[in-house]
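First comes the structure, then the notes that go with it.
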Amino acid sequence: MFDLEMIKAVYSRFPERITAAKKHLNKPLSLTEKILYAHLWVGNATTVYERGNSYVDFAPDRVAMQDATAQMALLQFMQAGRPKVAVPSTVHCDHLILAKDGAKQDLATSMEVNKEVFDFLSSVSDKYGIGFWKPGAGIIHQVVLENYAFPGGLMIGTDSHTVNAGGLGMLAIGVGGADACDVMAGLPWELKFPKLIGVKLTGKLSGWTSSKDVILKVAGILTVKGGTGAIVEYFGEGAESLSCTGKGTICNMGAEIGATTSVFGYDSKMSDYLKGTGRSELASASDEIADYLTGDKEVYQNPEKYFDQVIEINLSELEPHINGPFTPDMAWPISQFAQAVKDNQWPAELEVGLIGSCTNSSYEDITRAASIAKQANDSGIKAKSEFTITPGSEQVRYTVERDGYLETFEKMGGVVLANACGPCIGQWARHSSDPNRKNSIITSFNRNFAKRNDGNPNTHAFVASPEIVTALAIAGDLTFNPLTDYFTNNKGEKVKFAEPLGIEMPINGYAVEDAGYQSPAVDGSNVVINVSPTSNRLQLLEPFSAWEGQDLKGLKLLIKAKGKCTTDHISMAGPWLKFRGHLDNISNNMLIGAINYFNEQPDKVKNQFTGEYGSVPSTQRDYKARGIGSIVVGDENYGEGSSREHAAMEPRFLGVRVILTKSFARIHETNLKKQGMLALTFADKSSYDLIQEDDSFNLLGLTTFTPNKPLRLVINHKNGTTDTINCNHTYNGQQIEWFKAGGALNIIRKQVLV
Ligand code: MIC
Ligand code: SF4
C-alpha cells in the first residue's frame with residue numbers, strides 16, 4: 001500500500017537540496033526548515049524566505065481526505081478536468097459513522113444511511129486513482145500513521161488533525177478541499193513560510209503522566225491562537241524518550257493551538273514503529289539519511305538563536321492535566337482541578353468517559369487505560385459513568401481485541417464503538433432524557449467546544465489522557481484525583497489505583513484480518529460517477545461568478561459575531577454532516593452557532609429591509625434574493641478549529657462578500673481566499689466597536705487591490721453619521737487573482753480549457 005519507491009525518490013533529493021539551503025542561508029537548520037526546503041516547488045531556494053511573511057510554493061508528497069471534507073474536495077476536483085490525481089492520495093470513511101449502540105450495529109446503520117455518499121466517494125476514488133479506505137477501516141490520521149506517514153515527508157490533508165503524522169517526523173498540514181484539489185491537479189501548494197516555535201523536552205515521563213499531558217500543558221501556555229502561523233518543533237532528550245504514537249498525540253492536538261503543524265525529529269522510536277507496522281525497508285531508508293531527518297545539533301543546543309519562540313518542559317515534573325470546559329486551552333494540573341470544579345460550579349458528577357479517537361487510540365493508550373480498568377474489574381466494581389472506546393483503526397482494534405484489552409473494558413461496563421470519529425464529531429446519539437441539561441463528560445479527544453460532542457450547549461466537556469478518563473469514569477466523579485484519592489471496592493475497602501502501565505507496541509506484533517482498503521482501478525476512464533440531480537446529499541458545483549470589477553457598495557451587516565466563533569459555530573457538524581456534499585442544503589446552517597453581538601443570542605439577526613429578526617441563513621437568503629451583498633463581522637481567531645471549507649463556501653454561495661474580523665485562524669482564512677471571498681481584518685482592532693446593527697458599508701479600493709495595501713471601508717450608520725476605517729489583508733498577487741476570478745477553481749478550469 002505505501003509507496004516505497006516514491007519515498008526513496010523524495011529521499012534522493014534531500015542531501016543536495018538541504019545542503020544547498022544551508023549554504024544559501026548560511027546557518028544550521030531546524031527539521032522544519034529541512035523538510036520545507038527539500039519540498040520547494042522550484043527546487044533549490046532562490047531567495048531568503050521571510051518567516052511569517054513570504055508566500056512560498058511547495059510540492060507535497062501526498063494528499064489525505066476524510067469523507068466529510070472529501071466530498072467537497074472531490075466535487076471541486078471533478079471540475080478541474082484532470083484524468084488522474086497527480087500525487088498519491090487517499091480517502092477515509094470515518095466522520096460519517098454514528099456512535100450509538102456499539103460498533104457492529106452502528107457501522108451497519110451508517111453504511112445504509114450514507115450509502116449514496118460512500119458510493120460516490122468510492123467511485124470517484126476508483127476513477128481518479130485514489131486509494132479508498134472503507135467505513136470501519138479507521139480514523140484517517142491513525143490509518144495514515146500506520147500506512148503512509150514517513151519521516152521527512154510533506155503531506156496535506158483535508159482535516160485539521162492531519163498534523164498527527166508529525167509523530168512520525170512528517171510535516172503534515174491541514175488544508176481546505178480547494179488546496180487539496182490544486183495539489184491533486186498537479187499544481188504547487190502555497191503556504192506562508194511559517195515561524196518556528198521550539199519546544200525543548202527534558203526529563204522523562206513517569207507514573208500517571210503521559211504524552212497527552214505534554215500537549216495539554218502546551219495548549220495552556222500557547223492558547224488556541226498562540227501557534228498561528230507557526231510550526232512547532234519538539235526536541236531534546238525528553239522527546240526521544242516518547243513513543244512514536246505518543247509523539248503523534250502531541251502533534252495531533254497541536255491543531256488546537258492553531259499551529260500550522262508540529263513535528264518531531266526522526267529517532268529510534270520512529271524506526272521501531274516503522275518496523276512494527278511492517279515498514280522495515282522504509283526504516284532502513286530513513287536510517288541512511290537520518291541526519292537530514294532531524295534538526296541540526298547547533299539548533300537544538302542553542303534554540304533561542306534559531307527559533308522565534310522557545311518553550312521548555314521538564315517531563316519529570318509534568319503533572320497530568322485536564323483541560324476545559326468549552327475550550328481546549330483552559331489547562332488545569334490535576335492537583336488543582338477538583339478545586340476549579342467547585343469554584344466554577346461545574347457539575348461534579350461525571351456522566352460519561354470517552355476514550356479513543358484519532359489522537360489517543362494507540363496500543364500504548366489502550367493498554368495504559370486498560371491497566372486502570374483491570375483494577376476496577378479486580379476490585380469487583382464497574383465504572384460509575386458510562387464509558388466508551390473508539391479505536392483509531394481496524395488494525396489497532398483487532399490487535400487489542402486479540403490481546404484481551406477490549407474485554408477488560410467491556411467487563412468494566414464499557415461499550416466499544418466503531419473505528420471512526422463518532423462522538424468526537426457529534427455523531428453521538430447520546431442516551432439522555434433532556435438535551436439541554438447541565439452535565440459533565442470527559443474525553444481523550446481534542447476538541448471540547450460547546451455542543452460539539454452531543455449537541456447540548458450545557459454539556460461541560462473536558463479533555464484528558466485515556467488513563468485519567470478511565471479512572472474518573474470509574475469514580476464517576478470529576479473531582480476524583482487518582483493520584484491521591486481512594487475508591488471503594490466491592491468489599492467496602494478504600495483502595496488507591498496503582499499507576500497505569502502500558503506497552504508501546506504489541507509483543508506479538510500488530511495484526512488485522514481485513515484492514516478495509518480498496519485500491520483504485522488501473523484505468524479509471526470508464527468509471528461513471530452518478531450524482532442525482534434530486535439528491536439531497538450530493539450536488540454538483542456551479543462555478544461562482546467573477547468579481548464585478550467595481551468597489552462593493554451598499555453592503556448590509558449580516559451579523560456581528562461576539563466572542564469565540566469556530567468553524568463549529570460557522571458550519572456546525574453533527575446533524576449537518578450529512579449535507580457536506582450539498583452546498584445549497586448545508587448553507588442552511590451558516591453561522592447558526594455564532595452569537596449575535598447585539599442580542600447575545602445565536603441564530604437571531606435583524607433583517608435590515610423588514611426590520612424583523614430571523615435566522616442567519618434565511619436573512620442572508622433574503623438579501624441574496626434582493627441582490628444585496630453583506631458583511632460578516634467577527635472577533636479574534638475567527639474560524640478556529642476545523643479545516644472544513646464549507647465554512648467559507650456557504651457565505652460565498654449565499655452572497656456574503658466580506659468577512660471582517662479582529663484576526664483569523666490560518667486554514668479558514670485561506671479557505672475564504674480560495675473561494676473568492678474577501679477576508680479582511682480591522683487595521684485598528686477597536687474599530688470592531690464602531691459596527692452597529694443597522695450599518696451599511698462601502699468597500700473601496702478594490703480596483704487597485706494590491707498586496708500590503710489596506711482597503712478602505714466606509715461605515716454608514718443609521719443616524720446618518722459615517723466612519724471610515726482601514727482594513728488590512730494578507731492577499732498576495734495570486735490570491736488577488738482568485739478574488740477577481742470569483743475563486744481559485746475558476747482559474748484552474750480556465751487553464752484546462754486552453
Ligand atoms: C474536527 O475534528 O473538527 C473534524 C471534524 O475532523 C474537522 C474536519 C471536518 O469538519 O470535517 C477538522 O478538524 O478539520
Ligand atoms: Fe475525527 Fe475527532 Fe479526530 Fe476530527 S478530532 S479526525 S472528528 S476523531
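Both counts, for ligands and for their atoms, begin at 1 and track the order of listing. Computed from a predicted model, the values in this text were never measured in an experiment. The first residue in the sequence is number 1, and the count goes up from there.
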Polar side-chain atom of [X] near backbone of [Y] as donor-acceptor pair, under 3.5 Å:
| X | Y | answer |
| --- | --- | --- |
| T249 | T359 | yes |
| K212 | F445 | yes |
| N323 | L216 | yes |

Ring centres under 6.0 angstrom apart (F77, Y128): yes
- Flag the pair F387 / F409 as yes when their ring centroid distance falls below 6.0 Å, and as no otherwise. yes
**OP:** Output yes if H141 passes the N/O/S-under-2.8 Å test against atom 3 (Fe) of ligand 2; output no otherwise.
**Re:** no
Specify the protein heavy atom at minimum distance from [atom]: its residue, its atom name, and the distance to 0.1 Å.
| atom | value |
| --- | --- |
| atom 3 (O) of ligand 1 | R447 NH1, 2.6 Å |
| atom 8 (C) of ligand 1 | Q66 NE2, 3.1 Å |
| atom 2 (Fe) of ligand 2 | C424 SG, 2.3 Å |
| atom 8 (S) of ligand 2 | C358 N, 3.5 Å |
| atom 4 (Fe) of ligand 2 | H161 ND1, 3.7 Å |
| atom 7 (C) of ligand 1 | S642 OG, 3.2 Å |
| atom 5 (C) of ligand 1 | I425 CD1, 3.1 Å |
| atom 13 (O) of ligand 1 | S160 OG, 2.5 Å |

Logged contact type for Q142 with ligand 2, heavy-atom cut-off 4.0 Å, is neither
Salt bridge or not for [X] and [Y], using N-O below 4.0 Å?
| X | Y | result |
| --- | --- | --- |
| R430 | E351 | yes |
| D329 | K225 | no |
| K100 | D106 | no |
| K673 | D179 | no |
| R368 | E467 | yes |

Residue portion contacting ligand 1 (non-hydrogen atoms closer than 4.0 Å) for [X]:
| X | value |
| --- | --- |
| D159 | both |
| A68 | side chain |
| E256 | neither |

Provide the number and element of each atom of ligand 2 under 4.0 Å from a heavy atom of [X].
| X | result |
| --- | --- |
| H95 | 1 (Fe), 4 (Fe), 6 (S), 7 (S) |
| I425 | 7 (S) |
| N446 | 5 (S) |

Candidates H646, R452, H95; heavy atom nearest atom 2 (O) of ligand 1 found on R452
Heavy-atom proximity to atom 1 (Fe) of ligand 2, picking from A255, C421, G426, points to C421
Taking only non-hydrogen atoms of S643 and a 4.0 Å limit, the atoms of ligand 1 in range are 12 (C), 14 (O)
Note: ligand 1 atoms sitting under 4.0 Å from heavy atoms of R644 are 3 (O), 5 (C), 9 (C), 10 (O)
**Asked** Is the closest heavy atom of Q427 to ligand 2 under 4.0 Å?
**Response** no
- [ ] Just say parallel, tilted or perpendicular for the rings of H161 and H141, cut-offs at 30° and 60°.
- [x] perpendicular
**Asked** Are side-chain N/O atoms of D365 and N360 paired as donor and acceptor at under 3.5 Å?
**Response** yes
What I want to check is whether the side chains of H460 and N448 have a donor and an acceptor closer together than 3.5 Å.
no
Looking only at distances, can you tell me whether any N or O atom of R580, backbone or side chain, sits closer than 3.5 Å to an N or O atom of ligand 1? yes
